[in-house]
Every structure is written in structure tokens, then in C-alpha cells.
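The next block holds one structure in the form of C-alpha cells; read it before the comments.
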There are 2 protein chains.
Amino acid sequence: MNQRKSTATARRTHGVTASERRDHLVKLAAELFARKGFQATTVRNIADEAGILSGSLYHHFDSKESIVDEVLRTFLDDLTARYRVILDSGKGPAEVLAQMVRTGFATLEPHRAAITVMQNDWNYLRSLEHHRFDYLVKAEDEIERMWMEQIKKGQATGELRADVDPKLTYRMLRDSIWVAVRWFRPGGRLNTTALADHYITVLFDGLATGERTDQPG
Amino acid sequence: MNQRKSTATARRTHGVTASERRDHLVKLAAELFARKGFQATTVRNIADEAGILSGSLYHHFDSKESIVDEVLRTFLDDLTARYRVILDSGKGPAEVLAQMVRTGFATLEPHRAAITVMQNDWNYLRSLEHHRFDYLVKAEDEIERMWMEQIKKGQATGELRADVDPKLTYRMLRDSIWVAVRWFRPGGRLNTTALADHYITVLFDGLATGERTDQPG
DNA sequence: GTCTATATGGCGATAGAC
DNA sequence: GTCTATCGCCATATAGAC
């Protein structure tokens, strides 16, 4: 079984559906990829973690790359879906941006491993000659458009100061969020909500003009 | 020759000292490490780039790891030396911090490859069991102390707002700078000075109280 | 769905000729 | 200082038994 199993046929074996078993394997692999890097993680490592032999992994997946592919797609699908909900809310640009920042930090917890892999192994995955991971750039571009539109709208309405470069501002916001995955640990001193509030306070007090009324945080 | 050559004996062969030849090889390797990742870069890749065979590399270096070791040490030595000059200047904490930010962006150009490797391969290098790269954490700790001291001093003197968490603020500043290596390209729309000014403006207008007089930028 | 056994190949590193 | 030649190892992936 190398393709994702249809959810229509969720027959159970030993009390666990094939899809659940597969998801579990993906999760184990993601943690290893995040800790040691994609390349340094061997299929034997993954199999060891799951308590099976490496050959058995190929019953579930085509290749090691198809596992990391699933890790990344799952994250990106979830993130863009969350962004779309916010963009459709009809709120003003400053509030939308604050919500997008909050959403970013909120994904830190469920997608910590995926985000780590995306950051550390981005250059490598993109350098592969078979172009399998080109969709990463497409997703990145779509996300950039979402942010940029709101930033520019915010500058037009006067909610955001207009003397900063929109693209540079986008990068600052984006990078500030995702890079936190390097040191953020669930259960630490700060939860992702407090983290988001802190960042919004620092970032927006620099970005917002006096005309803003909806103080984030 | 597996140890760094003494600078006292700079005998030239074909118009190039052994030390210069070695440095050149390190530079080539660093670029490859940055582009594809440390593990994905083979000693054959490095040798190809240099126009020699892989075996010949071992005349200059013990191992592949000793090459990346040299890349990282060179960067860290330069960075900490620059920081120390600023700290010894006797300026106030806000100005010192602004200068440290500027220095960070300034190192982006000469040390782009090293910074990229440091970020992408940090987890991997630290996960190695022979503990060869433990000094990375020591250097990180020393640098953190330098920043934290200035942030806390700035809060004590009233130059910086006191209602933000010092450690979180340090991480924000640090991460904002180094993560820029992901997209910064020399010769692009913005040079590192303009970049630093932009970041200082955004970050400090959120951090600084009204009592500050030395507007950075 | 997992195991046994193995193919196929690339990796880092070495020894010694030149 | 580079090349030739190669060693030993471990990687991903496969085929077929159970």
C-alpha cells in the first residue's frame, strides 16, 4: 500500500485502521527528521522507532522521500486552510494580520516537527533534481500573497505605518514566527498564546500608527 | 598537512601559500554546505569544485567534519571579536544594542555560507555522539550573555521598556537577524546597512520608551 | 503486515605511486 | 600536492516467504 488509503474503507485490524497506523509512522518519522535532519535519519531509524524492520516500511510508503512529503503537505494544507478562514472573516487588515500571527504560533505546537524540517531541510529538498518538492515554493508564494495583501491594505487605510517596506515587513513577521520553532518547547515557561501576544506587542507597536484603535494582545 | 599551517612559514608554491590554498578549499566547501546541506555535500562534490580528486582533499584536512568545523569557528571567532569591540566602547545600552544588530547584518555578507550552515545543520552537528561540536553551545551561551546584559541594563536605565521579557526579546532580536540569511543575497535591492536600519526602526520603536533620544537609523 | 535476505550503489577515508 | 586504486561500511530499496 503505497498510496494514501481511502477514508471510505476504514476497516480495522488489531483495533487500528491502516490509515491510523500510517499516520503514526509518519509522526514517528517526522520527530526523527526534526531531531537529526532528514538525511541523517535512516529508514532503519524510523523502523526501529516503530518496532519493525526497515523493509516493512515499504509496505506503507514508496520511499523515504514520500514520508517527508506527507509531513510537509499535511502542515501546509492545515496552515493555508487556517489562513483562509481568517481572510474570509471580513475583519480589518491590522486585526487580520494579528490573527495570522496568532495562528502561526498556534501551529507551532501541533506541527513543531514539520516546521523544523521545513526550515532545516528546505535547501536540501529544493536542491533535488527530480523537482518533487517544487510545490514548497508554490505554497510559499501563495502564503506570501496572503500576507502582503493585508500589509499593503493596512498601509493604505492608515492602520499601519507607510514608511516601512511591505516585503521586508512581511519577511520580518514570517521569520519571527517560524524561527521560534528552534527554541519553543511545549510545556515551557510560555505557551503559544502568550508568545504570540508578546510578539504582537513588540512588532505592532513599531508597525501601528496612533490611529489604530484595536490594540492587539 | 592536517593541522592549520603556521603563519610564520608562508612559503609560496605556484604563487599561492598553502594557507591561502586551504582557505580557498574551505570557502568552496562552505558554499556547497550552505546550498545543499552538510550531509548532502560529499567530499567528491568539494573536490570536483576545486578541480582535484577527493583523495587529495585529505592532504589538507583530516575529515569532512574538520572542514565544517573550520567554517563555523572562523565565523564565531569573528563575530565575538566584533561584539567585544562594541561592548568596550562605553556607549549606552540602546546604542550598543543597535550596533550589535548592525554588526549582525554586516556579517551576513562575508559569512553568509557559515551562518546558513550553522542554522540548517545545527541540530545534526549537535546530535553527533562524539561531541566534537559542543563548542557551538558554549559560543551561543557567551553571545547570549552579551546581549542579555545590555537588554537588562537598558531596561534598568529606562532606555528600553521594562514590560517585555528580556530573554524573549533577546531571541526576537537574534532570530530576526540571522534568519535573514535565508533570503538575503548580496547585490540585491537592499544592502546590509539599509536592512539593519529597517530592522532597528521596526524593532526599537516597539522596544524604546519615549525617553530615548538617540533615534537609531 | 512483517520478516528474511539481499541487490545495488555511494559514502568517507586510506595507502602508496608520482 | 595530486592521482590511482580500493577498502569497508552503510544507505535505500526490492523480492518473496510466512
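No experiment lies behind these values; they were computed from the predicted model shown. Here is how names work: the chains are called A, B, and so on, in the same order as the sequence lines, proteins then strands, and each is numbered from 1. Reckoned from all heavy atoms, side chains included, excluding hydrogens, waters and symmetry mates.
The CD1-C1' distance, from A:I52 to C:dT4, rounds to 14 Å in whole Å. In this entry the distance linking CZ of A:F61 with P of C:dT2 reads 11 Å, nearest Å. Distance CG (A:L57) to P (C:dT4): 15 Å, rounded to an integer number of Å. If you measure from atom CZ of B:R132 to atom C1' of C:dG12, you get 14 Å, rounded to the nearest angstrom. A:L53 places its CG atom 14 Å from the C1' atom of D:dA17, with the value rounded to the nearest Å. Distance B:D48 CG to D:dC3 C1': 14 Å, rounded to the nearest Å.
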Scan the side chains in residues 180-189 of chain A for donor-acceptor partners under 3.5 Å anywhere in the protein, sequence neighbours excluded, and list what turns up.
{"residue": "A:R182", "atom": "NH1", "partner": "B:Q119", "partner atom": "O", "Å": "3.0"}
{"residue": "A:R182", "atom": "NH2", "partner": "B:Q119", "partner atom": "OE1", "Å": "2.9"}
{"residue": "A:W183", "atom": "NE1", "partner": "B:D175", "partner atom": "OD2", "Å": "3.1"}
{"residue": "A:R189", "atom": "NH1", "partner": "B:D165", "partner atom": "OD1", "Å": "3.0"}
{"residue": "A:R189", "atom": "NH2", "partner": "B:D165", "partner atom": "OD2", "Å": "3.3"}

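Using a 4.0 Å cut-off, no side-chain N or O of A:H59 falls inside it from OP1 or OP2 of C:dC3.
Listed by first and then second residue, the ring pair (Phe, Tyr, Trp, His ring centres under 6.0 Å) pairs that reach into residues 106-145 of chain B are B:F75-B:H111, sequence neighbours excluded.
Taking the salt bridge (charged side-chain N to carboxylate O under 4.0 Å, His left out) definition, one finds that A:E49 meets it with nothing, sequence neighbours left out. Under the side-chain hydrogen bond (donor to acceptor under 3.5 Å, both in side chains) criterion, B:R126 pairs with no residue, sequence neighbours left out. By the side-chain hydrogen bond (donor to acceptor under 3.5 Å, both in side chains) test, B:S63 is found to be paired with no residue, residues two or more places apart in sequence or in another chain being considered. Listed by chain and residue number, A:R174 satisfy the salt bridge (charged side-chain N to carboxylate O under 4.0 Å, His left out) test with A:E140 (two or more places apart in sequence, or in another chain). Legend: residues meeting side-chain hydrogen bond (donor to acceptor under 3.5 Å, both in side chains) with B:K91, ordered by chain and number and at least two apart, are absent.
For the contact set between residues 120-130 of chain A and DNA chain C, defined by any heavy atom under 4.0 Å, there are no members.
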_Per-nucleotide protein contact string for nucleotides 10-15 of chain D (B base, S sugar-phosphate only, - none; heavy atom under 4.0 Å)_ = -BBBB-
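Taking the six-membered ring where tryptophan is involved, the planes of B:W147 and B:Y83 are perpendicular, since the angle between them exceeds 60° and thus also 30°.
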